[in-house]
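A short write-up of the structure that comes next.
The first residue in the sequence is number 1, and the count goes up from there. The figures here come from the full heavy-atom set of this structure, side chains too, leaving out hydrogens, waters and symmetry mates. Each ligand, and each atom within it, is numbered from 1 in the order the structure gives.
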Amino acid sequence: TVIVLDFGGQYNQLIARRVRECNVYCEIYSYKKDIEEIKAMNPKGIILTGGPNSAYEADSPTYSTELFELGIPVLGICYGSQLMMHLLGGHVCKAPVREYGKIEVNVDTTSKLFKDVSEKTICWMSHNDYIEQAAPDFKISAYTADCPVAAVENEEKGLYAVQFHPEVLHTQEGTKMLSNFVYNVCGCSGDWKMDSFVESSIQAIRERVGNGKVLCALSGGVDSSVAAVMLSKAVGEQLTCVFVDHGLLRKNEGDEVEAVFGPEGNYDLNFIRVNAQERFYEKLKGVEEPESKRKIIGEEFIRVFEEEAKKIGAVDFLVQGTIYPDVVESGLGGESAVIKSHHNVGGLPEYVDFKEIIEPLRDLFKDEVRKAGLELGIPEYLVYRQPFPGPGLGIRIIGEVNAEKVKIVQDADAIYREEIANAGLDRSIGQYFAGLTNMRSVGVMGDERTYDYAVALRAVNTVDFMTAEAAEIPYEVLNKVMNRIINEVRGVNRVMYDLTSKPPGTIEFE
Ligand code: XMP
């Protein structure tokens with residue numbers, strides 16, 4: 001295992017992900033993690049992340065210098081590199097020239113870290129401070145026009161520091177540098193794979209749960225399905241899954257979920273479906289503000305779930321299909337800021353009688369969750385299902401939600417998805433859906449004036465759902481979707497395509 005210590009940078013999970021791509025298992029912990037616990041884990045390597053602070057300021061995040069004496073290789077990145085130098089006697093201060101973007105870096109290719117890397121290589125830089133002077137016993141192994149110490153090392157002690165971000169794809173040979181670190185410096189064998197993750201997770205869950213009873217909220221989405229199947233493989237009959245149909249699902253989705261996971265399906269999940277549509281619509285009446293809607297849906301979901309749980313009685317564990325981007329954006333991912341409250345992370349049932357939470361996918365990105373799903377034998381069509389947010393169509397209908405609007409957006413979205421699949425684009429687009437704007441406008445249909453809603457089509461390409469770009473869908477496909485929606489869905493007289501990236505937009509509309 002390699003451990004990443006999080007100092008609050010933007011790209012921390014990317015570091016873990018790149019290490020896992022080298023087939024080395026990797027986990028992230030806050031910089032507040034006690035050194036004794038780190039020693040007990042006996043990792044093969046430690047990576048210190050970037051972060052927004054200045055290493056020389058008194059209240060900035062820091063770490064015990066003992067970390068550098070453990071005989072475990074350490075790689076400092078950006079803030080992590082400055083912190084390492086600051087703590088070991090180098091000098092870090094405000095840089096006379098701030099570097100931002102793709103910068104040419106001259107590297108010493110005799111360094112273990114830069115083996116097989118080009119002598120001049122493009123790296124992603126983003127820093128205000130810099131290392132003015134390396135710590136004693138460190139050798140400079142890279143520089144740029146404005147940064148005399150772009151990388152330093154003490155090979156004997158296995159300590160390496162880079163000012164740039166090897167984890168970001170803009171650093172053209174970054175993956176090579178990280179794999180050099182884990183293989184050449186840390187001596188990792190690179191035999192970790194998704195199947196070993198699945199196997200070891202099942203084993204760990206089995207040990208943790210023992211004879212305990214487990215309850216899982218199944219939404220039918222990829223994440224909760226993978227979590228549920230993993231649990232069912234681990235503890236079989238001890239698991240009960242509750243599926244709450246909140247009336248904000250895609251067209252026919254409730255029945256589809258039941259067909260796969262219910263008694264007629266392939267899994268042994270003790271599946272319970274609750275039809276709670278009306279309750280949700282009632283609670284959402286007159287509510288327009290997105291975060292309020294999320295809260296209401298999240299809370300109502302919990303109430304319904306609790307009522308079911310009460311019927312089941314006390315359980316020992318509650319399963320959640322939380323994945324990494326949920327954790328980060330809800331501000332629970334250690335040191336980064338809250339963007340929006342994801343309902344599957346924020347709220348927990350207060351009255352469900354359970355002792356502990358199991359989140360088997362908490363460290364994974366979506367594409368990694370999909371790989372795990374395939375390893376678990378979940379059919380491809382389910383594994384490659386569109387991501388769907390916990391609050392469902394509730395956050396794809398801008399403004400107040402009601403049954404009529406839900407029907408409109410369900411029908412429009414079903415047409416859109418069908419045509420995307422017909423065009424063979426369903427696997428290549430990261431996420432796509434139709435939303436309902438709160439805008440009504442004047443149109444003409446037949447010989448009559450209409451005053452109807454506008455549907456907005458969204459399609460984005462993304463690797464990690466943290467950033468995204470609008471997908472380029474052929475005009476004929478969009479045109480066909482527009483035609484069908486106008487003709488087949490009552491209450492719609494305009495169709496628009498959203499071109500916005502994330503940032504500044506988000507993927508969903510609310
Ligand atoms: P955004 O809109 O935040 O979407 O750019 C990023 C990814 O997260 C999903 N998403 C949510 N998932 N509860 C969820 O479970 C939520 O409240 C929520 N909001 C967004 C979204 O579908 C996309 O995949």
Side-chain angles (χ1 to χ4, degrees), residues 10 13 216-228 243-244 246 248-250 253 257 280 284 287 289-302 305 319-333 336-348 359 361-362 364-370 373 383-398 401 409 413 416-417 426 429-437 456-471 498-510:
Q10 295 289 309
Q13 257 297 326
C216 173
L218 184 68
S219 72
V222 184
D223 307 340
S224 70
S225 302
V226 172
F243 168 54
V244 177
H246 51 24
L248 302 165
L249 296 168
R250 285 167 289 198
E253 190 164 29
V257 170
F280 280 84
L284 288 167
V287 184
E289 204 279 316
E291 285 298 296
S292 310
K293 290 200 288 184
R294 266 202 174 73
K295 257 218 172 101
I296 290 170
I297 298 168
E299 274 172 19
E300 195 57 17
F301 184 89
I302 286 163
F305 187 69
V319 183
Q320 297 224 311
T322 320
I323 72 168
Y324 191 74
D326 306 339
V327 178
V328 179
E329 299 209 335
S330 294
L332 304 176
S336 25
V338 182
I339 298 171
K340 47 174 132 161
S341 55
H342 279 231
H343 103 201
N344 47 351
V345 181
L348 280 178
E359 293 178 308
L361 312 174
R362 199 184 160 87
L364 302 186
F365 279 97
K366 197 84 185 185
D367 55 327
E368 295 178 313
V369 172
R370 290 203 164 107
V383 164
Y384 287 99
R385 194 168 203 153
Q386 281 288 294
F388 191 61
L393 301 178
I395 56 167
R396 291 183 180 173
I397 295 170
I398 299 175
V401 174
V409 78
D413 180 67
Y416 187 33
R417 282 188 288 135
D426 49 332
I429 302 175
Q431 187 171 358
Y432 54 95
F433 55 86
L436 192 65
T437 71
L457 304 177
R458 182 93 169 118
V460 295
N461 285 322
T462 173
V463 179
D464 52 20
F465 295 86
M466 312 281 275
T467 60
E469 273 169 24
D498 183 355
L499 287 171
T500 323
S501 306
K502 170 182 182 175
T506 55
I507 294 175
E508 302 289 346
F509 292 120
E510 291 195 328

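Atom CZ of Phe388 and atom CG of Asp223 lie 13.0 Å apart (nearest 0.5 Å). Taking CZ from Arg396 and CZ from Arg250, the interatomic distance works out to 6.5 Å, rounded to the nearest 0.5 Å.
A salt bridge links Arg385 to Glu253: at least one charged side-chain nitrogen sits closer than 4.0 Å to a carboxylate oxygen. Using a cutoff of 4.0 Å between basic side-chain nitrogens and carboxylate oxygens, Asp498 and Arg458 are scored as salt-bridged.
Of all the heavy atoms of Arg294, the ones lying under 4.0 Å from any atom of ligand 1 belong exclusively to the side chain.
At a 4.0 Å cut-off, not a single heavy atom of Asp223 sits close enough to ligand 1 to count as contact.
Of the candidates Gly505, Pro391, Ala468, the one placing a heavy atom closest to atom 16 (C) of ligand 1 is Pro391. The closest non-hydrogen atom to atom 21 (C) of ligand 1, taken over Gln386, Glu510, Arg458, Glu508, comes from Glu508.
Taking any N or O of Ile395, backbone or side chain, none lies under 3.5 Å from an N or O belonging to ligand 1. For ligand 1, the polar-atom distance check finds an N/O of Gly390 within less than 3.5 Å of one of the ligand's N/O atoms. Distances between N or O atoms of Lys502 and those of ligand 1 include at least one value under 3.5 Å.
Remark: side-chain polar atoms of Gln431 are paired, donor with acceptor, to backbone N or O of Pro387 under 3.5 angstrom.
Here Phe305 and Phe243 keep their ring centres 6.0 angstrom or further from each other.
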